[in-house]
Structures are given as structure tokens and as C-alpha cells.
Amino acid sequence: MLLDINASVGHWPFQHYNYNTCLSLLDRMNKYGVDISVISNLNGVFYKNTQSANEELFSEISSDTRFKDRFIAFGIINPIYAGWRDDLSVCSSKFGFRGVRLYPLYHDYELIDPLCIELVRAARDAGMVVAFTLRIVDSRPRSWMDIQKEWALKDIIPIIRAVPDAKFMILNVANSTELTDDEAALIMNSDVLLDTSGRAISNLGELLKKFGNNKFAFGTHSPVLDYVSGRLRIESLRASEADEATRELIRSGNARRVLGI
Amino acid sequence: MSRKIDRRTFFERSAVSSAGLFLGGMVAGCSVKKSEGISDYDVMAEVMRYRKIDAHEHVDLYSGGPEVQIDFADRLGIERLVVSKPVTTQTGTPDEFREANDHILKAMKLYPDRIMGQVTLNPQYLKESMEEIKRCVDQGMVGIKVYYQVKINDPLFYPIIEKSIDLKMLILMHANCQLGMAGYRMKYDTHLNPNTSLPEDFVEAAKRYPEAMLQYAHTGGGGDWEYACKSFRDYPNIYVDTSGSNNEGNMIDFALEYLGEDRLFFGTDTSYYQGVGDVLASELNEVQRKKIFFENYNAVLRKGGRDVA
């Protein structure tokens, strides 16, 4: 089975994207054989009060019986905005969201801001996964109103070090995966997943040797990136690089472990 | 988690276990059955269904020698690679571009059935560039690849373009279009070479030489592809290749809308998965996919008698 840990619905303010509703994404999933998608609402990147976006997502998923079995929702929380603790609680207990995606670069706080660390701990305690995206869009052709900064894998290390027993997803690995030995050890000893959508996953066979079979999961970064490349990186692996059991871990097994499903 | 589990078994198990997992009864409980319309899309079967010419490829530039490119090409069913090694210094001396072309000639000899070469040059050295075109075309190169030493619409380029017309050869020009590099957004300094060719420069050259064939490089290479495709709508002698690492979801469909199905080339520029994935994820029909993956570029090669059988 295929479980996409990196999809979104919602609007991107600087450019039109297709397949950014639950219904159109579901059609996409059916066409390309994707069973389940983890989604959040892109609107939450831009709303000051991100909970409005989470409510939109909850409402959309609730609107069609076909959605509830095919989507796993993540909320978007901004820990420097009022009421985030309540928002997180509602996302977890009322909406049933399984995780949160955080956007420090867009919401203008440091990754190891004490409030961010508190949020990650709270998510951990609620059994929720915490996801960071190294970039939403390529900064080169960005809008003049968009942010310029992108992260490398190394930039995420401080929050993993701060809350090493949380569960993390690192999405759209578009930039360097270079780490020191200590940093690599931290990744390997933590419950961290990297999705396969990013351009830096250019040689998954080598990355599997470096990080191990349980650190990667299928992801598309839909609707921003094309729907197929993240899967090609898995399915074009040679038998010498990944046996069928390893592929299945990447297609869904690792994600199911981290999501607890 | 190494134990294999099929989709049906997983859903049947998780339909039971998920009942207690979600307060409020929300979110994927995973009771989906295969019969609900999820296809058994075999992505590698789709990949291998199409003949492909990679219209924008390099060797000994970013990621190793030709064996690296051939390895990726084999994985993804890419039959032919049109390769070059542009000189990426501003100087671009004859010694530099001759040495770069020697790399390509060597790669062509190593993989004669896979690698098609493009000659690189610098119009600031016209005599030497013309000699280099002859040297490399005589040894089987099929096109011209140029970088940012001189803009495509610079008068220094005119003799090179005229030569390409005589030879019925495509010119692949490095290009960009982003903040500080096109349109009215010049107040931003993105530290790119100011001689980089912009969409507007291509249009000017295409208007001056309507019989020339100009290839705008890598719509997925970090430029604003919407801007570029809109710029090229009315200029049938400007082609674009869809290579580059920024495989945005609707780039191909947008390019098709503005440029039609005959002016798009599949390419990778060493971003192999994105190059193939972007086309497969598009809404192109079967005929259009075949055109973009193979036939459009082959049609250009055919004009000079260099097409692939």
C-alpha cells in the first residue's frame, strides 16, 4: 500500500496549484494508487490564527464520507499566537488530527524558541507527530512577497535534540542532507522520517545506507510538486539497493509506525 | 516492520484497530477496500512505456562522468541523452570550451548509442567558436549549448545563430527568470550573472531569426516558468525543455496550454526523477506524452538529418 506523508490542501497565495481540495486530491490518489494521504491546510501557513485553517480542514474532511478513511489530518499550529495550547488540544481531541505541521520560517519564530519546544513536547504527550517542511516552494522563482530562506536537514537538528523522544517528519528534503556524525546519530536514534518528495533525495539507495531502512517514507509534497517523482525514487531502486521489504517500509510501513496506525 | 502486509489485509486490520484510536471519530481509520477505485498504478511500467530523449543533460559537470548519467538513464528508460559541458566561468576562453567539448566527444565515443553531444562555445571568440563548431559537428555533435558569457540576443551571437540555421541545429541556451532577472523586478540582487539570457532576450533573438531553433533551458531549473511560457506564446521557434529540480505540479500542463504540444522537450539537467515524474503526473494525453518524451526533439534532429531511428 501507499501512504503519502506529505500532501496538502488549501490555497497558495502566490501561484495557482491544482488538486488542492480533498475531492480533487482523492481523485489523484485513486488514479495513482495512493491509499492514504497525510494532509494539512496550506491556508494555515498564512492565517495569523492558524486554527481557522484547522477548522476548515476538519469541516472539509467531514463533508464527504469517502474522506475520513483516506485522509489523515495534521493541524498547523503557531506557538507564538494566542490560544495555541487550546488549539492543539482541539486538534487532537475533537478533530482527531494525528499530528501538527509547524512553519517557523513563515510564522517568524526560532525553531528552538521555548514556546516551540513546549509545543513539540505537548504534541509528543498527546501522541501527535510533529512535521517540519524544509521549504514549501523553491525560493528561486518565489514571489516578491514570499520568504527567501530555506532549511537544510541540519537546521532541524536543534529541535530534535531538544525533544528527542518526540516523533518527527521532515518534509520536502530539498537541500543538503549533510550532517556531522553526532547529528546523524541523533537522527538514527530518534523517531524521525524523511519523505521522498524533495530534490535532495536524489540517490535514495545511498541514503538508505547512510540512515537506515526505517527513516524514509513516501511523500509527494502535493500540490506544490508533481505527484510521481516521490514515488519514482522508491520504485526505481534496484534490488541491490532495497529489497521488497524495505520498499514496503518506505511505501507505508515506516509511516504507519510513526503514525501509530 | 519488515513483515510484508498487503493493502487489503492492512485495511481490514486497521479498520478494527482504528475504532479506538480517534476521539471524535474523525480522520483516516483506514477501512478502505481496494474496490473503492484505487488503481494499481504501476509507475515503473508507465516509465518504461515511453521512448525518451533527454534534451538537456550534462556530463562531468554536476555529478560525475557519463557512467552516472547512463546509470540513471537505464533506471528510467531514457534512450538517448543530449549532453554538453558548458563553460561556467565568465571568461569562457577557447582553451576552456575546447577542453569541455573534448569531454563530450569522449563520452560520445564511450556510449555511441546513448549519448548525443552538443558543442559549447563563446561568441566573444568568434573565429575559435566557428572552428569549434566545425570540429565537433564533424565528429557527430548534434547541437549547440551556450551559457551566460553572452546573451542570446547580443549581436555577438548573430553569426553563431546564422551558423546554426545553416546547419539546421538547435541552440540550447542557459536561461533564468526570477527576482532581479526579468520583468520589472530588477531591484532585487540574486547574485546571478547579469549576462544570463532572459525570456525577453529569447524573444528578441527569435524575432530576428524566425528560422532559428532556440531552446529555453530548464523551465524547472529555478526560473519562473509561468513568466517564461507566457513570454514565448507567439514565437514558434522557441522551444522549452522541462528539466530542472523544481518539479512543480502544474508546470507541464501550463506549458502545454501556452506553447502547445510541439514545442516542449522532456529533459532532466541531472534531475532525473523530476524530469520523468513531472511528465507522468501531468494531464497530457498519450500522443502528447510521446511527443514530449521523444518525438518533438527527434523532429528537430530530423531537420538536420540527425534523428534517432
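These figures come from a predicted structure and were not determined experimentally. We use all heavy atoms of the structure for the numbers below, so side chains are in, but hydrogens, waters and symmetry mates are not. Protein chains get the first letters and strands the later ones, always in sequence-line order, with residue 1 at the start of each.
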Problem set entry | NZ/NE/NH1/NH2 to OD/OE distance under 4.0 Å, B:Asp71 and A:Arg238 | yes
Exercise. Contact part of B:Tyr272 toward chain A, heavy-atom cut-off under 4.5 Å: side chain, backbone, both or neither?
Worked result: neither
Problem set entry | Interface residue of largest heavy-atom contact number with chain A, from B:Leu179, B:Val47, B:Asp224, under 4.5 Å | B:Leu179
For this session: Please work out which of the three classes, parallel, tilted or perpendicular, describes the rings of B:Phe266 and B:Phe293, given edges at 30° and 60°.
Result: perpendicular
Seminar exercise, completed: Whatever's closer than 4.5 Å to a heavy atom in chain A on B:Ser245 counts as both
For this session: Using the six-membered ring wherever Trp is involved, compare the ring planes of A:Phe97 and A:Phe95 and label them parallel, tilted or perpendicular (cut-offs 30° and 60°).
Result: tilted
Exercise. Contact part of A:Ile201 toward chain B, heavy-atom cut-off under 4.5 Å: side chain, backbone, both or neither?
Worked result: backbone
Problem set entry | Toward chain A, the part of B:Glu46 with a non-hydrogen atom under 4.5 Å | neither
Exercise. With a 4.5 angstrom heavy-atom cut-off, which part of B:Phe254 approaches chain A: side chain, backbone, both or neither?
Worked result: neither
Problem set entry | Contact origin within B:Ser282 toward chain A - heavy atom pairs under 4.5 Å | backbone
For this session: With the side chain counted from C-beta on, respond yes when A:Leu232 and B:Met44 share a heavy-atom pair under 4.5 Å apart, and no when they do not.
Result: yes
Problem set entry | Closest-packed option against chain B by number of heavy-atom pairs under 4.5 Å, given A:Arg233, A:His221, A:Glu235 | A:Arg233
Exercise. Which class fits the ring pair A:Tyr32 and B:Tyr41: parallel under 30°, tilted 30 to 60°, perpendicular over 60°?
Worked result: perpendicular
Seminar exercise, completed: When the 4.5 angstrom heavy-atom criterion is applied to A:Ser202 and chain B, the contacting part is backbone
For this session: Evaluate the side-chain proximity of A:Ile261 to A:Arg98: yes if any heavy-atom separation is below 4.5 Å, no if none is.
Result: yes
Exercise. Where does B:Val279 contact chain A at under 4.5 Å (heavy atoms): side chain, backbone, both or neither?
Worked result: neither
Problem set entry | Side chain, backbone, both or neither of B:Leu76 within contact of chain A (heavy atoms, under 4.5 Å) | side chain
Problem set entry | Salt-bridge criterion met for A:Arg256 and A:Glu248 (N-O under 4.0 Å) | no
Exercise. Do A:Glu244 and A:Arg251 meet the salt-bridge criterion of a basic N to acidic O distance under 4.0 Å?
Worked result: yes
